[in-house]
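Working notes, structure below.
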Protein chains: 2
Amino acid sequence: MNIGQAAKLSDVSAKTIRYYESIGLIPKAARADNGYRDYSENDVETLRFIKRSRNLGFSVEDVSNLLDLWRDKERASADVKAVALKHIEDVETRIQELQSIRDTLTNLTESCHGDDRPDCPILEGLAGNNGCCN
Amino acid sequence: MNIGQAAKLSDVSAKTIRYYESIGLIPKAARADNGYRDYSENDVETLRFIKRSRNLGFSVEDVSNLLDLWRDKERASADVKAVALKHIEDVETRIQELQSIRDTLTNLTESCHGDDRPDCPILEGLAGNNGCCN
DNA sequence: GATAACCTTCAACTTTACTATAAGGTTTAA
DNA sequence: TTAAACCTTATAGTAAAGTTGAAGGTTATC
């Protein structure tokens with residue numbers, strides 16, 4: 001199938017597929033007689049794998065590692081698990097950072113009456129005129 | 001004081017201070033006789049405000065708006081609150097996305113024995129061979 | 001007086017992951 | 001047959017927020 005069809009089936013745009021090929025994330029595609037890239041069902045599977053992994057927040061480099069593991073039928077599942085656990089840890093850290101930010105902002109906004117008067121604890125907090133943040 | 005001193009006091013690097021000036025986030029600095037930028041305590045306060053705001057995840061553009069509001073002694077606190085509430089909402093959305101990712105990954109890793117055998121539910125999940133994700 | 005530690009400008013580069021554009025060849029459908 | 005809808009390559013641009021480097025002037029210290 002042509003790249004457009006593969007794009008549709010995998011939900012990865014044609015441009016992005018070419019980009020992935022250019023950076024070596026996927027091997028160079030086979031070519032039809034007319035020079036067009038030619039994809040198999042298997043290639044589409046790979047693209048779907050990439051798409052799902054990216055949706056789960058793995059970097060392209062992580063995905064590259066995961067693809068290697070996926071293709072290696074002898075790999076130890078522990079190797080895959082290690083990549084996943086590391087990523088979970090990173091995600092968890094980011095969640096906690098964001099929660100901390102949210103809580104600080106929530107405290108600030110709750111103390112701001114939010115009307116047309118000018119005094120504003122939010123700005124005071126950002127300026128450091130209270131003990132609540134940093 | 002010189003830029004290095006202002007950098008130290010505000011915890012914003014000298015290069016970043018120059019960068020902020022170049023994009024108009026802060027006004028052009030006063031100059032000493034030798035041509036060096038000259039900062040006041042007030043300027044350092046502003047840099048600290050910027051630093052805290054950035055730490056709380058506000059974009060540079062948001063910070064620009066917040067600075068305008070900060071400088072405008074007539075502003076309505078409601079205007080500030082609106083910026084903060086919008087940001088809280090964005091942060092909350094991001095937290096939920098990350099939690100969803102984390103939960104999916106946790107499910108996958110929990111079903112993976114993680115030893116030296118090759119079969120791996122994580123890769124199967126990423127490949128779409130189960131119902132758990134996307 | 002030398003040398004380190006400052007400061008200056010300006011342009012270019014970094015990161016990540018694409019996206020866009022140009023100029024052109026191919027295929028499909030009316 | 002001609003127009004739309006594909007496909008090709010190569011180059012450049014985007015986002016965001018800085019960072020780096022070169023080439024040079026200034027100041028503080030030994």
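Convention: sequence-line order gives letters A, B, ...; per-chain numbering from 1.
Salt bridge status for A/Lys28 with A/Glu21: absent, with no side-chain N to carboxylate O gap under 4.0 Å. Using a 4.0 Å cut-off between charged side-chain N and carboxylate O, B/Glu45 and B/Arg48 make a salt bridge.
Distances from the side chain of B/Asn2 to the nucleotides C/dC7, C/dT27, D/dT19 place C/dC7 closest. Relative to the side chain of B/Arg31, the nucleotides D/dT8, C/dT9, C/dT26 differ in distance, and C/dT9 lies closest. Nearest nucleotide to the side chain of B/Arg37, out of C/dC18, C/dT26, C/dT9: C/dT9. Considering only the side chain of A/Tyr36, D/dC6 comes nearest among D/dC6, C/dT8, D/dT19. With D/dG18, C/dT21, D/dC7 as the choices, the nucleotide that has an atom nearest any side-chain atom of A/Ile3 turns out to be D/dC7. Picking from C/dC6, D/dC7, C/dT9 the nucleotide with the shortest atom distance to the side chain of B/Arg18 gives C/dT9.
One atom, OH of B/Tyr39, and another, P of C/dT8, lie 7 Å apart when rounded to the nearest Å. When the P atom of D/dA5 is taken as reference, atom NZ of A/Lys8 falls 12 Å away, rounded to whole Å. As rounded to whole Å, 17 Å separates atom C1' of D/dA17 from atom CZ of B/Phe58. Atom C1' of nucleotide D/dC7 and atom CG of A/Asp33 are separated by 14 Å, given to the nearest angstrom. In this entry the distance linking CZ of B/Arg54 with C1' of D/dA17 reads 7 Å, nearest Å. In this structure, A/Tyr19 atom OH and D/dA10 atom C1' are separated by 16 Å, rounded to whole Å. The separation between A/Asp38 atom CG and D/dT8 atom P is 10 Å, rounded to whole Å. Here C/dC18 presents its P atom at 12 Å from CD1 of A/Ile26, a figure rounded to the nearest Å.
For D/dT19, one of the phosphate oxygens OP1 or OP2 lies less than 4.0 angstrom from a side-chain nitrogen or oxygen of B/Ser13. OP1 or OP2 of C/dC18 has at least one side-chain nitrogen or oxygen of A/Tyr20 nearer than 4.0 Å. Checking the phosphate oxygens (OP1, OP2) of C/dT27, a side-chain nitrogen or oxygen of A/Asn34 falls inside 4.0 Å. Within the 4.0 Å cut-off from OP1 or OP2 of D/dT19, at least one side-chain nitrogen or oxygen of B/Thr16 is found.
Between A/Asp43 and A/Thr46, the side chains place no donor N or O within less than 3.5 Å of an acceptor N or O (distance only, hydrogens not considered).
Using a 4.5 Å cut-off on side-chain heavy atoms (C-beta onward), B/Lys51 and B/Ser10 make no contact.
Mapping B/Lys15 and B/Ser59 onto DNA chain D by nearest heavy atom places B/Ser59 at the nucleotide closer to the 5' end.
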Mind running salt bridge (Lys or Arg N to Asp or Glu O under 4.0 Å) on A/Lys86 and A/Asp90 for me, showing each step along the way? CA-CA 6 Å; A/Lys86 175 66 173 65; A/Asp90 292 346; 2.8 Å; yes

